[in-house]
There are 2 protein chains.
Amino acid sequence: MTLTNKVSQINYSISDLSKEFDITTRSIRFYEDKGLLAPTRKGQTRIYNQRDQVRLKLILRGKRLGFSLAETGRLFELYDADKSSAKQLTIMMELISEKKDDLKQKLEDINAVLIELNDIENNCKSILKTLTT
Amino acid sequence: MTLTNKVSQINYSISDLSKEFDITTRSIRFYEDKGLLAPTRKGQTRIYNQRDQVRLKLILRGKRLGFSLAETGRLFELYDADKSSAKQLTIMMELISEKKDDLKQKLEDINAVLIELNDIENNCKSILKTLTT
DNA sequence: CAGGAAGTTTACGTAAACGTAAAGTAAATA
DNA sequence: TATTTACTTTACGTTTACGTAAACTTCCTG
C-alpha cells in the first residue's frame, strides 16, 4: 500500500461549519477549547474533516438535550474509549447504563409535557369553538 | 356557603420542600425571585401550598429537559393564561405548537442517542465475552 | 434567659457558554 | 500595490442559575 488513501477527504473551513450549523465561529473555537473538537491546521488556519463535522453535529444534539459540553465530552470518550481491558469495559458499561437511565427519565418527562400540552391545546380548541359558533 | 373551604389545605415550609425535592432553600427562593413561585407569608416566613409544590415539581422537570427557568415560566403562563379572547387563544395555540415541535425534536434526539448507546453497549458485551472465554 | 434551629435579606462570588471588541496575519482581488 | 475577506489570538463582558457568607429576627428548648 504505497498509495496514501486520500479518497473522500472532505475538508471544511470554520465558516463552512458555522454556516452549515448556523452557529458562530466563536462557538466552534470554544468547543475546541473545551476539548470537543481537534481540527488540524494549515499554517494558522483550522481545517475540519468529516469526523469533526459529525462531532459538531453531536455537540449540538447534546445541547438540544440539555447536556453540558462536559457531558457531551464524556459521551465522546465513550465512543472512542479504549476497549482493551475488561476493567475499562465494565466501567464504560456502568456509565452507559447511567446515561441510559438519564435519557429514559427525559423520555418520561417529555411525554408528560406533551400530554399536558395536548390537553391545553384541546381545551383551547373547544373554547374557540364555543366562541365562534 | 358560609363555611370557608379550608379542607385539604396542605402547607409546606421552605425546608419541607427543600428536603422533598433535594434542592437548597437558596434555589427555591431564587425561583420565587424569577417569578416562578409565589408563596404566601406568615410574618416574614414563606408558606407554600399544594399548588406551589406542584409548580416546583414542574420547574425541576423542566430543568431535566434543559428548559431555562424563563422557558418554564412561559409554560406556566400557558397553563394559567386568560382564555377569554379568540386572539389570545390562537396566540397560545401557536406557542403550544412550537413547544410541541421542540419536544418532538428532543424525542428524536434522545432516541438517536439511546440507539447509539445500545450499540456501544452491545459492542462492549461482545468484546467482554471474547476477553473472558 | 442563653442558645440553638429555622427562617429572612443583602450581597458578593462562580461556572458554563458564549458575545464582543481589538489587533494582528495571510491570501485573494481590484 | 492597496484593500477587502477570512482567518487568527487575547481578553474582558454578559447571562443564567445558583453557592456562600454575613448579619439579623423569631421561636423553641434546656
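In this text the structure is predicted, and so the values were computed from the model without any measurement. Sequence lines set the chain letters: A, B, ... in the order given, protein chains first and strands last, and positions in each chain run from 1.
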Inset, instruction - Send over the distance from A:Leu36 CG to C:dA17 P, rounded to a whole Å. - result: 9 Å
Legend entry - Heavy-atom closest pair, residues B:Gln88 and B:Ser85: N-OG, 2.9 Å
Inset, instruction - Kindly indicate whether the side chain of B:Arg55, heavy atoms from C-beta on, has any atom under 4.5 Å from the side chain of B:Leu36. - result: no
Legend entry - Sugar-phosphate, base or nothing in reach of B:Thr25, heavy atoms under 4.0 Å: nothing
Legend entry - Spacing between B:Ile59 atom CD1 and D:dT16 atom P, to the nearest angstrom: 16 Å
Inset, instruction - Please tell me which of the listed nucleotides, D:dC7, C:dC18, C:dT8, lies nearest to the side chain of A:Phe30? - result: C:dC18
Inset, instruction - Decide yes or no for A:Asn111 and B:Leu107: does some side-chain heavy atom of the first lie under 4.5 Å from some side-chain heavy atom of the second? - result: yes
Inset, instruction - Decide yes or no for A:Leu17 and A:Glu20: does some side-chain heavy atom of the first lie under 4.5 Å from some side-chain heavy atom of the second? - result: yes
Inset, instruction - Can you tell me the distance, in whole Å, between the CZ atom of B:Arg29 and the P atom of D:dC18? - result: 14 Å
Inset, instruction - Could you tell me whether the side chain of B:Asp33 and the main chain of B:Phe30 form a donor-acceptor pair under 3.5 Å? - result: no
Legend entry - N or O in side chain of B:Thr45 less than 4.0 angstrom from C:dA6 OP1/OP2: no
Legend entry - d(CD, B:Glu32; C1', C:dT8) in whole Å: 11 Å
Inset, instruction - Give a yes or no on whether the backbone of B:Asn118 and the side-chain of B:Asn122 come within a donor-acceptor separation of less than 3.5 Å. - result: yes
Inset, instruction - Please report, rounded to the nearest Å, how far the P atom of C:dG7 is from the CG atom of B:Asp16. - result: 8 Å
Inset, instruction - Going 5' to 3' through nucleotides 20-29 of chain D, assign each nucleotide B (protein heavy atom under 4.0 Å from a base atom), S (under 4.0 Å only from sugar-phosphate atoms) or - (no protein heavy atom that close). - result: B---------
Legend entry - Residues from residues 63-70 of chain B lying under 4.0 Å of DNA chain C - heavy atoms: none
Inset, instruction - Could you work out the complete set of other residues in the hydrophobic cluster of A:Leu89, with links drawn between I, L, V, M, F, W and Y side chains under 4.5 Å apart? - result: A:Met93, B:Ile127, B:Leu128, B:Leu131
Legend entry - Side chain of B:Thr24 (C-beta onward), nearest among D:dG19, D:dC18, C:dG7: D:dG19
Legend entry - Sub-4.5 Å side-chain heavy-atom contact between B:Asp102 and B:Phe67: yes
Inset, instruction - Mind calculating the distance between CZ (B:Arg41) and P (C:dT8) to the nearest angstrom? - result: 6 Å
Inset, instruction - Give the rounded distance in Å between these two atoms: CZ of B:Phe21 and C1' of D:dC18. - result: 18 Å
Inset, instruction - Mark yes or no: B:Lys19 above the aromatic ring of B:Tyr12, with NZ or CZ under 6.0 Å from the six-membered ring centre and no more than 45 degrees from the axis. - result: no
Legend entry - Residue pair B:Gln53 / B:Tyr48, side-chain heavy-atom distance below 4.5 Å: no
Legend entry - Rounded distance in Å - OH (B:Tyr48) to C1' (C:dT8): 11 Å
Inset, instruction - Report yes if at least one side-chain N or O of A:Tyr31 is closer than 4.0 Å to OP1 or OP2 of C:dC18; otherwise report no. - result: yes
Legend entry - Which nucleotide in C:dA6, D:dC7, D:dA17 has an atom nearest any side-chain atom of A:Ser15: D:dC7
Inset, instruction - Using the closest heavy atom to pick a nucleotide of DNA chain C for each, name whichever of B:Lys19 or B:Arg46 lands nearer the 5' end. - result: B:Lys19
